2 protein chains.
Amino acid sequence: MTKNTRKEAPVLPLNTIMSGDCIEAMNSLPEGSVDLIFADPPYNLQLRGDLHRPDNSKVDAVDDSWDQFDSFKVYDDFTREWLAAARRLLKPNGAIWVIGSYHNVFRLGAELQNQGYWLLNDVVWRKSNPMPNFRGKRFTNAHETLIWASKNEGAKYTFNYEALKALNEGIQMRSDWVLPICNGGERLKNEDGDKAHPTQKPQSLLHRLLIATTNPGDVVLDPFFGTGTTGAVAKMLGRDYIGIEREEKYRKVAEKRLKSIRKFDSEALKVSTSKRAEPRVPFGQLVERGMLRPGEELSSLNGRHKAKVRADGTLVGNDVKGSIHQVGAHLEGAPSCNGWTYWTYKRDGQNVPIDLLRQQIRAEMN
Amino acid sequence: MTKNTRKEAPVLPLNTIMSGDCIEAMNSLPEGSVDLIFADPPYNLQLRGDLHRPDNSKVDAVDDSWDQFDSFKVYDDFTREWLAAARRLLKPNGAIWVIGSYHNVFRLGAELQNQGYWLLNDVVWRKSNPMPNFRGKRFTNAHETLIWASKNEGAKYTFNYEALKALNEGIQMRSDWVLPICNGGERLKNEDGDKAHPTQKPQSLLHRLLIATTNPGDVVLDPFFGTGTTGAVAKMLGRDYIGIEREEKYRKVAEKRLKSIRKFDSEALKVSTSKRAEPRVPFGQLVERGMLRPGEELSSLNGRHKAKVRADGTLVGNDVKGSIHQVGAHLEGAPSCNGWTYWTYKRDGQNVPIDLLRQQIRAEMN
DNA sequence: GAGTCTGATGAATCCATAC
DNA sequence: GGTATGGATTCATCAGACT
């Protein structure tokens with residue numbers, strides 16, 4: 001064995017729950033190792049007593065000097081730190097989801113932008129059965145906001161467009177999601193019958209989010225794991241998870257929950273894919289294989305233009321030469337054109353799109 | 001008459017449109033004189049190149065100079081200044097609404113909090129007819145966010161709870177509002193037929209907002225008046241307005257528009273009370289919500305065919321993949337098929353139509 | 001006139017790969 | 001890394017032409 005002087009990278013603790021402070025825990029993991037982070041951070045008010053000021057003095061919940069300004073300052077410092085630790089962990093094409101309400105989500109979103117995350121969407125979780133506003137002083141607070149962001153501008157983030165479109169019966173998925181809150185049998189209870197966690201998220205929310213922005217085998221990290229909804233859905237869907245949770249009582253509930261989860265069979269985890277994922281077929285191959293003859297005439301779908309096939313797989317039409325796409329774009333005066341769906345050839349008196357021939361070749365490849 | 005040595009307060013320019021920079025204009029008005037501010041500031045969209053629809057037509061982007069900022073810092077400085085000027089203008093029990101998208105709304109919300117405004121709700125405007133995502137790279141950006149805040153914590157802001165409940169057919173108004181975007185006859189055009197303003201807001205949105213949070217006779221100020229939707233609805237509803245608009249071309253359109261408006265125009269009521277259609281439930285939601293498991297087998301009602309559920313809400317059966325409707329139609333050799341009544345799942349030894357699950361979801365939504 | 005078809009358009013941070 | 005090119009991608013609504 002050759003001598004290896006590089007520092008050994010720490011191993012990822014896949015499918016386990018780490019304890020302790022999430023910032024320290026994240027900083028102990030190797031840089032650029034996680035595909036997706038889902039984070040449901042605590043809100044402002046719940047942080048009193050849990051947080052330290054920037055100078056490390058503990059914030060006292062009953063301290064009279066606590067005011068609005070201190071409160072935001074401390075929350076922003078906390079947000080900055082954990083978002084930076086999260087960003088370090090992400091692979092270059094990784095992405096993050098954060099969820100919050102109007103109490104904290106504006107600070108989350110602004111800090112994401114400040115750190116160089118690139119916002120992709122804000123998504124509204126529209127609760128189909130929210131708690132009513134009993135005092136009648138405001139609108140029923142019937143939604144929470146999720147922010148989806150890539151690590152950098154221009155990153156090639158994962159988005160399973162076709163699968164989401166399928167989930168929505170053929171119409172592209174919108175930025176507003178109507179889903180019920182977590183209650184009934186899904187809501188975890190303690191022995192005494194109280195709810196095990198105050199803000200347990202519904203599995204349906206994580207299902208949609210993980211189907212949309214991860215692939216089977218991806219690593220999903222949740223720094224505020226709670227009772228482990230992220231891990232549970234990740235496991236069902238064949239993704240690896242890493243949870244971080246500082247409260248032992250939540251870790252215990254999550255451990256038990258995760259043990260009983262089974263992965264769905266992998267056939268069911270395959271999702272609809274787009275044409276982009278199909279192998280590329282050069283048009284010239286249709287000519288080489290004799291599916292189209294050199295000299296044969298193609299017509300545009302709208303019938304307005306014609307062009308002739310040449311032996312090298314280019315077209316000539318109306319003084320223009322070039323690829324099926326270039327000639328189509330030129331004839332239509334369009335910025336671009338998909339030649340596969342634009343051109344047709346004649347068989348048995350019918351005009352058939354040449355894309356049919358490409359599909360034949362692709363079918364043979366499988 | 002007794003001698004009055006106090007400085008004469010400037011008179012409020014009610015029901016007029018001021019020109020010039022909105023910060024200077026606001027600072028020229030008397031402190032604590034306005035009941036409500038509605039502000040639709042530039043969003044700071046950071047658009048890169050051109051965008052074409054699949055039919056090759058070009059999207060008319062918002063690329064006006066007034067939406068260009070060099071950095072977040074410049075945008076934040078601008079936001080801080082106009083929000084401070086606005087806060088000075090508000091009466092002690094006054095309130096503000098701001099609207100934005102994910103590009104800017106997090107910065108707006110954070111700065112509102114920083115200045116001591118007290119957030120009351122964030123309200124989601126869910127557009128019933130948004131522009132689609134043409135490249136299939138993100139979720140359809142189908143909503144914008146409004147933030148409603150009082151001048152201070154503890155202020156006695158106006159909220160017409162009962163009026164809102166009546167507008168919503170007797171049900172408490174929620175924080176998500178489904179309203180169409182502004183198009184058709186309501187959309188103001190120039191002589192050449194082009195839209196007069198790239199981001200005209202619908203009257204229905206302002207109608208709901210003013211009914212909810214102002215009383216007749218209140219003074220409503222809009223520092224980014226544009227073509228004057230705020231003024232138009234305020235006038236209809238018997239509120240006084242003050243508009244501020246920098247661009248002469250928009251002021252001219254707004255002046256003309258406002259002249260033709262009559263108080264208590266019944267048209268305004270009509271647009272705001274559009275009926276809700278029966279909600280569409282995508283089959284995928286049964287999977288997300290755990291009512292059916294990925295991998296679970298469905299049987300056709302006639303018992304002749306079977307298919308398996310996938311995680312994205314599609315079915316696989318006999319080499320066919322697709323929606324519940326597509327797979328059903330294919331297996332029956334029929335041109336179409338209602339998958340909801342065709343497929344059944346097994347519970348307690350019984351075959352139950354999946355439509356039962358859809359009915360369950362619809363019941364929860366009402 | 002009623003129904004049908006075609007075209008236009010809306011606050012948009014909207015491509016991937018090979019050379 | 002920049003450049004060139006293949007080729008993938010849309011929903012609701014309204015106006016106006018056409019049957």
Side-chain angles (χ1 to χ4, degrees), chain A residues 113 117-122 148-150 153-157 159 161-162 165 168 170-175 273-284 302 313-314 322-329 334-343 354-355 358, chain B residues 40-64 66-69 72 99-105 125 127-145 180-187 189 193-195 197-202 224 226 277:
Chain A
Q113 291 180 310
Y117 285 100
W118 192 246
L119 302 196
L120 298 167
N121 275 117
D122 61 335
W148 175 40
S150 61
E153 180 179 2
K156 288 181 191 146
Y157 54 89
F159 183 56
Y161 176 75
E162 290 293 337
K165 197 170 166 178
N168 199 31
I171 296 166
Q172 64 178 208
M173 187 71 79
R174 302 167 34 119
S175 59
T273 54
S274 76
K275 276 199 204 166
R276 278 189 270 253
E278 303 274 322
R280 208 169 78 85
V281 176
F283 175 72
N302 57 26
T314 56
S323 70
I324 51 173
H325 316 294
Q326 288 167 331
V327 175
S336 71
C337 170
N338 183 345
W340 290 108
T341 52
Y342 179 76
W343 294 108
I354 59 173
D355 201 31
R358 181 170 66 160
Chain B
D40 182 11
Y43 285 11
N44 189 23
L45 300 184
Q46 298 160 53
L47 305 179
R48 300 303 191 230
D50 287 346
L51 179 64
H52 292 90
R53 298 185 178 80
D55 66 2
N56 273 324
S57 62
K58 192 174 159 211
V59 173
D60 184 15
V62 178
D63 52 5
D64 307 71
W66 49 256
D67 199 46
Q68 309 294 325
F69 295 83
F72 282 135
I99 182 168
S101 66
Y102 67 87
H103 310 86
N104 70 325
V105 77
W125 169 26
K127 303 180 185 183
S128 55
N129 48 350
M131 181 153 66
N133 186 288
F134 295 115
R135 302 299 292 262
K137 301 310 291 182
R138 302 183 180 191
F139 299 99
T140 309
N141 198 357
H143 74 276
E144 293 187 28
T145 302
I181 61 175
C182 180
N183 60 10
E186 191 188 325
R187 189 88 194 200
K189 302 276 165 59
D194 288 347
K195 55 191 174 192
H197 193 283
T199 70
Q200 188 184 340
K201 294 289 173 291
F224 306 98

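Here the structure is a predicted model, which is why all the values come from computation and not from measurement. Lettering follows sequence order; numbering is per chain, from 1.
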Q: Can you tell me if B:N183 touches the phosphate of D:dT13, counting only side-chain N or O atoms and a distance under 4.0 Å to OP1 or OP2?
A: no

Q: Let me know the distance between NE2 of B:H52 and P of C:dA8, rounded to the nearest Å.
A: 14 Å

Q: Checking all strands, does B:P202 fall into the base, sugar-phosphate, or nothing category for heavy-atom contacts under 4.0 angstrom?
A: nothing

Q: Side chain to side chain donor-acceptor pair (under 3.5 Å) with B:E144: which of B:Y43, B:W125, B:Y102?
A: B:Y43

Q: Among the candidates C:dT9, C:dG10, C:dA12, find the nucleotide nearest to the side-chain atoms of B:R187.
A: C:dG10

Q: Take atom C1' in C:dG10 and the same atom in D:dT10, then report the distance between them in whole Å.
A: 12 Å

Q: How is A:Y161 classified with respect to the nucleic acid when contacts are heavy atoms under 4.0 Å: base, sugar-phosphate, or nothing?
A: sugar-phosphate

Q: DNA chain C: B:E144 or B:R135, which has the more 5' nearest nucleotide?
A: B:E144

Q: Taking any heavy-atom pair under 4.0 Å as a contact, classify B:G49: base, sugar-phosphate, or nothing.
A: base

Q: Take the protein atom CZ of B:R48 and the nucleotide atom P of C:dC15, then report the distance between them rounded to whole Å.
A: 12 Å

Q: Pick base, sugar-phosphate or nothing for A:T341, based on heavy-atom distances below 4.0 Å to the nucleic acid.
A: nothing

Q: Just compare C:dT9, C:dA11, D:dG7 and give me whichever is closest to any side-chain atom of B:V62.
A: C:dA11

Q: Heavy atoms only, 4.0 Å cut-off, all strands: where does B:Q200 land among base, sugar-phosphate and nothing?
A: nothing

Q: Kindly say whether, by distance alone, the side chain of B:R138 makes a donor-acceptor pair under 3.5 Å with the base of C:dT13?
A: yes

Q: Would you mind telling me which of D:dT10, D:dG7, D:dA12 lies closest to the side-chain atoms of B:N129?
A: D:dA12

Q: May I ask you to check whether A:S323 and A:H325 show a side-chain donor-acceptor distance below 3.5 Å?
A: no

Q: So if I take every side-chain heavy atom of A:Q326 and compare against D:dT5, D:dT9, C:dA16, which nucleotide ends up nearest?
A: D:dT5

Q: Reckon B:V105 touches a base, only the sugar-phosphate, or nothing at all at heavy-atom distances under 4.0 Å?
A: nothing

Q: Expressed in angstrom and rounded to an integer, what is the separation of B:K137 atom NZ from D:dT10 atom P?
A: 12 Å

Q: Are any side-chain N or O atoms of B:R135 and backbone N or O atoms of B:L51, one a donor and one an acceptor, separated by less than 3.5 Å?
A: no

Q: D:dG7 phosphate, OP1 or OP2: any side-chain N/O from A:H325 under 4.0 angstrom?
A: yes

Q: Look at all strands and tell whether A:R276 reaches a base, only sugar-phosphate, or nothing, counting heavy atoms closer than 4.0 Å.
A: sugar-phosphate

Q: What's A:E153 touching, base or sugar-phosphate or nothing? Going by heavy atoms closer than 4.0 Å.
A: nothing

Q: With distance as the sole criterion, do the side chain of B:S101 and the base of C:dA12 form a donor-acceptor contact below 3.5 Å?
A: no

Q: When you compare D:dG6 with C:dA12, how far apart are their C1' atoms, in angstrom units rounded to a whole number?
A: 24 Å

Q: Taking the side chain of B:N141 as heavy atoms from C-beta outward, which of D:dT9, C:dT17, C:dA12 is closest to it?
A: C:dA12

Q: Over all strands shown, is A:R358 touching base, sugar-phosphate only, or nothing at heavy-atom distances under 4.0 angstrom?
A: sugar-phosphate

Q: Grab the CZ-P distance between B:F139 and C:dA12 for me, whole Å please.
A: 18 Å

Q: Where the side chain of A:S274 meets the backbone of A:R276, is there a donor-acceptor pair that is under 3.5 Å apart?
A: yes

Q: Please check the phosphate of C:dG10 (OP1 and OP2 only) for any side-chain N or O of B:K195 closer than 4.0 Å.
A: yes

Q: Between C:dG10, C:dT13, C:dA12, spot the one nearest the side chain of B:A61, thanks.
A: C:dA12

Q: Parallel, tilted or perpendicular, judged at 30° and 60°: which one describes the rings of A:W148 and A:F159?
A: tilted

Q: What integer number of Å spans the C1' atoms of C:dG1 and D:dC18?
A: 13 Å

Q: By the 4.0 Å heavy-atom rule, please label A:P282 as base, sugar-phosphate, or nothing.
A: nothing

Q: Identify whether any heavy atom of A:D355 sits under 4.0 Å from a base atom; if not, whether one sits that close to sugar-phosphate; answer base, sugar-phosphate or nothing.
A: nothing

Q: Which nucleotide sits closest to the side chain of B:L47: C:dA16, C:dT13, D:dG7?
A: C:dT13

Q: Give DNA chain C the dot-bracket treatment, 5' to 3': Watson-Crick (N1-N3 with N6-O4 or O6-N4) or G-U (N1-O2, O6-N3) under 3.5 Å, [ ] crossing, | other strand.
A: .|||||||||....|||||

Q: Please determine, for the side chain of B:M131, which listed nucleotide (C:dA11, D:dA8, C:dA12) has the closest atom?
A: C:dA12

Q: From C-beta outward on B:D67, which listed nucleotide comes closest to its side chain: C:dG10, C:dA11, C:dT13?
A: C:dA11

Q: Under 4.0 Å between any heavy atoms, over every strand shown, what does A:S336 touch: base, sugar-phosphate, or nothing? Just pick one.
A: base

Q: Send over the distance from B:F134 CZ to D:dC11 C1', rounded to a whole Å.
A: 8 Å

Q: Using atom P of each nucleotide, how far apart are C:dT9 and D:dA8 to the nearest Å?
A: 27 Å

Q: Give a yes/no answer on whether the side chain of B:Y102 brings an N or O atom under 4.0 Å of OP1 or OP2 in C:dT13.
A: yes

Q: Using a 4.0 Å heavy-atom cut-off across all strands, classify B:C182 as base, sugar-phosphate, or nothing.
A: nothing

Q: Once you round it to whole Å, what is the distance between P of D:dT9 and NZ of B:K58?
A: 23 Å

Q: How far, in whole Å, is D:dT13 from C:dT13 if one measures between their C1' atoms?
A: 26 Å

Q: Whole angstroms only, please: what is the CZ-P distance between A:R174 and C:dG10?
A: 18 Å

Q: Name the nucleic acid region contacted by B:N133, choosing base, sugar-phosphate or nothing; use a 4.0 angstrom heavy-atom cut-off, strictly under.
A: base

Q: Once you round it to whole Å, what is the distance between P of D:dA12 and CD1 of A:I171?
A: 5 Å

Q: Would you classify C:dT6 as syn or anti? Syn applies when the glycosidic angle is within 90° of 0.
A: anti

